[in-house]
Every structure is written in C-alpha cells, then in structure tokens.
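Everything on this sheet refers to the single structure shown next.
Keep in mind that the numbers below use all heavy atoms, side chains included, and drop hydrogens, waters and symmetry copies.
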Amino acid sequence: MTDAEYVSRVHDTAAAQVATSGDAVVAHVRHELVELLRLRGCRFECGTLLGQPPRLEQDGGVSVGHRRWDLVRAGWPVGEIELRVSGAGRYYGRFLLDPCPGPCPRCPRASSR
C-alpha cells in the first residue's frame, strides 16, 4: 500500500467521524484495522479498562506489561492486543485486536527492517 493510500484511508475515517454516528465510526475503524493489520478480528470496548493486555502504542510498537515487544523477531503476542482511543484528554474506550499467529506483516516497525 502506498503512502497516498494510507493518507486516503485517514481522510475517509475523518469524514466518517464527521458525517455519521459513533457506531458507524467504530465499524469503519474496526474494518480498517482488520484489513491493514491482517487481523482475525477486532472489537471495540467502551468505558473503563479491565485487565492488562498487550498494547499497540501510538508509535506502532507493542508493550507487554512495562516492556517493549519485538514484533520483528517474535511476531504478535498471544491473545488480544488493545489499542486505546482517546482525544482532547478524554478516554473513550479501546479496540481489542485479535491478530493471526506469527509475524505482523504490515507493522511499520517490521517493514522498516
């Protein structure tokens, strides 16, 4: 996928946010995450944080506990991975990603090496 295609997807997501309901935005983002990261599935959980699953960080890295996970060598961690959603200092919820076992084919960190 080219940089222009990534930018186009970001614009499409922003347009969905302005033009539709919250549920439609969540569905759109969930679809994009599944396609871009080649996930088995993805769900949105609104509200408070429960548990401490591995976390996909804003810089594209993954943290497990307080340690960085090596996506290149180890692939995705086992189990769901959270992607927190916040804006303007407010926490909205999180997407819980269900990756396929093995390498992360489209992670920026993995593709840059």
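- By the side chain to side chain donor-acceptor pair (under 3.5 Å) test, Q52 is found to be paired with no residue, residues two or more places apart in sequence or in another chain being considered.
- Taking 4.5 Å as the limit, every side-chain heavy atom of V29 sits out of range of all side-chain heavy atoms of V85.
- Taking the side-chain contact (heavy atoms from CB on, under 4.5 Å) definition, one finds that E82 meets it with L49, P53, R55, R84, R94, L96, sequence neighbours left out.
- Of all the heavy atoms in V34 and G41, the pair that sits closest is CG2-C, 4.0 Å.
- Every residue two or more places apart in sequence or in another chain that forms a side-chain contact (heavy atoms from CB on, under 4.5 Å) with R30 is listed here: V26, A27, C42, F95.
- Taking R73 as the reference, D70 meet the salt bridge (charged side-chain N to carboxylate O under 4.0 Å, His left out) condition, with sequence neighbours excluded.
- Considering only residues two or more places apart in sequence or on other chains, R90 meets the side-chain contact (heavy atoms from CB on, under 4.5 Å) condition with Y92.
- Contact record, R38 with C100: O-SG, 3.5 Å, taken as the closest heavy-atom pair.
- Within the model, atoms CG of L39 and CD1 of I81 stand 8.0 Å from one another, a figure rounded to the nearest 0.5 Å.
- Between Y91 and G47, the closest heavy-atom pair is CE2-O, 2.5 Å.
- Separating the CZ atom in F44 from the CG atom in D23 is a distance of 10.0 Å, to the nearest 0.5 Å.
- When all heavy atoms are compared, the tightest approach of P54 to V64 is CB-CG2, 3.8 Å.
- Scored by the side chain to side chain donor-acceptor pair (under 3.5 Å) test, R40 finds D98 as partners (sequence neighbours excluded).
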